[in-house]
Amino acid sequence: MKPLNILMIGAGMYVCGRGVDGYGTVVPAICEWKKKNQLNSIYIVGTASKNIKLSKLKVDELQCNMNIKLSVRYFPEGAQANPKCYKEAIHSIPKPACAIIAVPDNLHKEIAISAIQEGLHTLVVKPLAPTLEEVRALMEAQNKNKTYCAVEFHKRFDSANLMLRDVIRNKKIGNPLYFVVEYSQRKSLPTRQFKKWVHSTNIFQYLGIHYVDIVYFATGAVPKRAMAIGQKGYLLSKGIDTWDSIQGVIEWEIAQGQRFTSDILTNWIDPEKTSAMSDQKIKVIGTKGRFESDQKKRGITIVTDEEGIEEPNPYFCAPYGERGNVSYKGYGIDSIGQFLDDVVGIEEGRLKIKDLEGKRPTFKESVVPTAVLEAVNKSLKINGKWIAIRGI
Ligand SMILES: NC(=O)c1ccc[n+]([C@@H]2O[C@H](COP(=O)([O-])OP(=O)(O)OC[C@H]3O[C@@H](n4cnc5c(N)ncnc54)[C@H](O)[C@@H]3O)[C@@H](O)[C@H]2O)c1
């Protein structure tokens with residue numbers, strides 16, 4: 001196959017670390033992929049030229065750190081802000097074979113459909129979309145245009161979650177009775193980093209969705225009903241009208257008449273000085289045992305005068321090596337690399353799109369997480385009433 005051209009829509013924190021320390025996950029993953037594969041150009045699309053310049057600085061620094069040379073074209077190309085310039089970028093020459101979409105959730109559907117309609121294999125960051133109607137429209141576009149479409153649910157690539165899946169599927173702990181998940185991040189996320197689009201999401205949608213997907217991935221169960229309540233306080237006092245914390249309960253059916261629950265507790269008001277970006281734990285109690293996974297404390301503690309106590313996660317997306325020879329490893333890197341490998345396999349005729357169903361986090365696999373998310377969002381509006389989930 002000819003060297004790959006990649007369209008990258010979105011140029012923020014997750015793509016290249018704009019606005020935070022570090023270089024994000026997507027561009028480091030593309031650089032890693034380039035070490036062993038044929039990459040031609042990347043088109044990186046934002047909305048405002050001022051911001052895209054900041055993204056370019058990040059991408060330039062990353063290339064120096066990794067000693068990788070990328071051929072990048074940035075959009076918008078002029079000085080004017082242009083939220084629709086992704087449409088122009090889609091038609092770039094040479095034509096991109098695939099798109100990676102990392103924009104605010106409420107834009108996923110519109111932008112992904114534009115890419116799919118041009119025949120691009122498309123990876124969308126989680127959540128695919130907040131409503132089932134949008135997920136179905138995306139699946140329809142995919143089927144019509146015969147492209148490969150997946151969701152960047154990188155926790156499916158974490159070996160701790162692969163072990164959880166095996167333990168459940170081989171019945172080592174019997175039948176699951178209940179899962180408990182705690183997942184939270186720092187205050188700066190809603191107050192600084194996502195200030196512009198914080199109103200169009202909430203903390204369950206941003207973090208909770210990951211573990212809804214992991215419970216589904218591990219068990220294959222069908223969600224039957226969900227309820228959620230939340231608290232507003234700290235963020236409201238800062239003029240941001242969104243939940244500090246949301247607690248959702250989902251009831252699932254794993255086999256005829258056999259049900260279990262998952263309690264998913266989320267917040268994004270952790271102290272800035274907490275020792276890790278993500279505080280995350282999952283446990284499941286079954287009829288014959290339990291599985292517990294502390295996904296924050298991965299066994300490393302660094303204590304310094306300058307930074308205090310840090311507990312980094314070496315397994316998600318971490319740089320290794322000195323400047324000029326840095327490489328990135330982790331399940332975030334693997335998840336994006338897998339998509340790019342699949343695109344090449346499909347284009348070379350070695351892989352069939354239909355054969356990836358059931359093996360990858362495809363759009364179809366997102367019906368369940370989005371059905372739960374939609375029910376949680378409805379329940380939040382009506383004081384925690386149970387919402388039935390039907391037709392899955
Ligand atoms: N930050 C993370 O660790 C992380 C991890 C996984 C998934 N995600 C998901 O990635 C998405 C973006 O998150 P982020 O953290 O990068 O946010 P961000 O606010 O840092 O970046 C958002 C980006 O979207 C761009 N954008 C907005 N409207 C656009 C448009 N019309 N055309 C092109 N670009 C547009 C902005 O210019 C910006 O570059 C969200 O769906 C989020 O859930 C983020």
Side-chain angles (χ1 to χ4, degrees), residues 7-29 43-59 74-77 80-90 99-115 123-130 134 150-158 183-186 188-211 213 266 268 276-278 280 313 316-318 330-333 335-336 361 366 369-370 373:
L7 173 64
M8 178 68 251
I9 307 181
M13 174 179 167
Y14 196 50
V15 170
C16 59
R18 195 179 76 211
V20 291
D21 291 342
Y23 299 93
T25 300
V26 185
V27 180
Y43 309 110
I44 300 185
V45 185
T47 51
S49 66
K50 168 172 97 342
N51 290 338
I52 207 76
K53 278 187 191 138
L54 296 175
S55 305
K56 180 175 182 306
L57 283 178
K58 282 281 186 180
V59 174
Y74 293 90
F75 294 79
E77 295 195 295
Q80 287 283 339
N82 181 3
K84 299 280 175 196
C85 66
Y86 67 87
K87 296 195 172 188
E88 198 184 306
I90 286 175
I100 301 178
I101 295 173
V103 296
D105 307 357
N106 57 322
L107 300 172
H108 289 180
K109 182 195 122 189
E110 175 195 328
I111 296 183
I113 287 184
S114 301
L123 181 71
V124 181
V125 292
K126 57 80 212 167
L128 177 54
E134 291 168 284
V151 180
E152 206 275 303
F153 270 129
H154 48 250
K155 287 192 187 295
R156 288 188 178 205
F157 293 77
D158 181 347
Y183 194 5
S184 55
Q185 291 189 347
R186 293 176 177 137
S188 52
L189 220 68
T191 55
R192 271 209 315 271
Q193 189 56 32
F194 298 153
K195 211 166 177 190
K196 275 200 199 142
W197 58 279
V198 72
H199 300 282
S200 64
T201 183
N202 62 48
I203 189 51
F204 193 93
Q205 181 164 321
Y206 184 66
L207 292 183
I209 190 78
H210 268 301
Y211 282 99
D213 183 63
T266 56
W268 48 6
M277 160 89 171
S278 286
Q280 43 186 356
N313 176 359
F316 168 47
C317 169
Y331 52 85
I333 300 296
S335 148
I336 291 155
S366 260
T370 290
L373 176 60

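Ligands are counted one by one from 1 in listed order, and the atoms in each one are counted from 1 as well. Atom set for the values below is all heavy atoms of this structure, side chains included, hydrogens, waters and symmetry mates excluded. When a residue number appears, it is its place in the shown sequence, counting from 1.
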**Message:** Is it the case that atom NZ in Lys109 sees more than 12 heavy atoms from other parts of the structure closer than 6.0 Å?
**Reply:** no
**Item:** Gln193 neighbourhood, listing ligand 1 atoms whose heavy-atom distance to it stays under 4.0 Å
**Value:** 20 (O)
**Fill in**
closest protein heavy atom to atom 7 (C) of ligand 1 is Lys126 CE, 3.5 Å
**Item:** Heavy-atom gap Asn51 to ligand 1 smaller than 4.0 Å
**Value:** no
**Asked** Hey, what's the ring geometry for Tyr206 with Phe194, parallel, tilted or perpendicular (30° and 60° as the breaks)?
**Response** perpendicular
**Asked** So which protein heavy atom does atom 20 (O) of ligand 1 come closest to, and at what separation?
**Response** Met13 N, 2.8 Å
**Item:** For atom 19 (O) of ligand 1, the protein heavy atom that lies nearest, with its residue and separation
**Value:** Trp197 NE1, 2.8 Å
**Message:** Below the 3.5 angstrom mark, is there an N/O of Gly12, backbone or side chain, next to an N/O of ligand 1?
**Reply:** yes
**Prompt:** Considering only the protein, which heavy-atom contact is closest to atom 39 (O) of ligand 1, and what is its distance?
**Reply:** Ala11 N, 2.9 Å
**Prompt:** Is His154 in polar range of ligand 1, meaning some N or O pair under 3.5 Å apart?
**Reply:** no
**Asked** Measuring from Leu207:CG to Thr201:OG1, what's the distance to the nearest 0.5 Å?
**Response** 9.0 Å
**Fill in**
closest protein heavy atom to atom 37 (O) of ligand 1 is Thr47 OG1, 3.5 Å
**Prompt:** Are any of the N/O atoms in Pro104 less than 3.5 Å from those in ligand 1?
**Reply:** no
**Prompt:** Which heavy atom in Cys16 sits nearest to a heavy atom in Ala11, and how many Å separate them?
**Reply:** SG-O, 3.5 Å
**Asked** At what distance, to the nearest 0.5 angstrom, does NZ of Lys87 lie from CD1 of Ile9?
**Response** 10.5 Å
**Asked** Please state which protein non-hydrogen atom is closest to atom 31 (N) of ligand 1 and give its distance, to 0.1 Å?
**Response** Pro83 O, 2.9 Å
**Asked** Would you call the rings of Tyr43 and Phe75 parallel, tilted or perpendicular, where under 30° means parallel and over 60° means perpendicular?
**Response** perpendicular
**Spacing of OG1 belonging to Thr266 relative to OH belonging to Tyr183, to within rounding of 0.5 Å** = 10.5 Å
**Request:** Could you list the atoms of ligand 1 found under 4.0 angstrom from a heavy atom of Ala102?
**Result:** 11 (C), 12 (C), 23 (C), 24 (O)
**Fill in**
Under 4.0 Å from one or more heavy atoms of Tyr206, ligand 1 contributes atoms 1 (N), 2 (C), 3 (O), 4 (C), 42 (C), 43 (O), 44 (C)
**Asked** Closest heavy-atom contact between Ala115 and Ala99?
**Response** CB-CB, 3.9 Å
**Request:** Search all heavy atoms of Glu134 against all heavy atoms of Ala129 and return the closest pair with its distance.
**Result:** CB-CB, 3.5 Å
**Request:** Could you say whether the N/O atoms of His210 and ligand 1 ever approach to under 3.5 Å?
**Result:** no
**Asked** Considering all heavy atoms of both residues, which atom of Leu373 and which atom of Pro130 are nearest to each other, and what is their separation?
**Response** CD2-CA, 3.8 Å
**Message:** Closer than 4.0 Å to some heavy atom of Ile9 - which atoms of ligand 1 meet that?
**Reply:** 33 (C)
**Prompt:** Of the options Leu128, Val151, Val124, which is the one that meets His108 in a side chain to side chain contact (heavy atoms under 4.5 Å, CB included)?
**Reply:** Val124
**Asked** Numbering the atoms of ligand 1 from 1, which are under 4.0 Å from a heavy atom of Asp105?
**Response** 40 (C), 41 (O), 43 (O)
**Item:** Which of the ligand 1 atoms, numbered from 1, are nearer than 4.0 Å to a heavy atom of Arg18
**Value:** 38 (C), 39 (O)
**Message:** I'd like to know if the side chain of His154 reaches the main chain of Ile333, judged simply by a donor and an acceptor atom lying under 3.5 Å from each other, with no hydrogens or angles considered.
**Reply:** no
**Item:** Atom indices of ligand 1, in the order listed, that fall short of 4.0 Å to a heavy atom of His108
**Value:** 41 (O)
**Prompt:** With a distance cut-off below 6.0 Å to the six-membered ring centre and an angular limit of 45° from the axis, does Lys126 pair with Phe153 as a cation-pi contact?
**Reply:** no
**Asked** Hey, are the side chains of Leu189 and Met13 touching, using non-hydrogen atoms and a 4.5 Å cut-off?
**Response** yes
**Request:** Give the residue, atom name and distance (to 0.1 Å) of the protein heavy atom nearest atom 34 (N) of ligand 1.
**Result:** Val103 CG1, 3.5 Å
**Message:** For atom 3 (O) of ligand 1, which of the options Tyr14, Phe194, Tyr86, Phe153 provides the nearest non-hydrogen atom?
**Reply:** Tyr14
**Asked** Any N/O of Leu107 closer than 3.5 Å to an N/O of ligand 1?
**Response** no
**Asked** Side chain or backbone of Glu152 under 4.0 Å from ligand 1, or both, or neither, by non-hydrogen atoms?
**Response** neither
**Prompt:** Considering only heavy atoms of Val125, which atoms of ligand 1 have at least one such atom less than 4.0 Å away?
**Reply:** 7 (C), 9 (C), 10 (O), 11 (C), 41 (O)
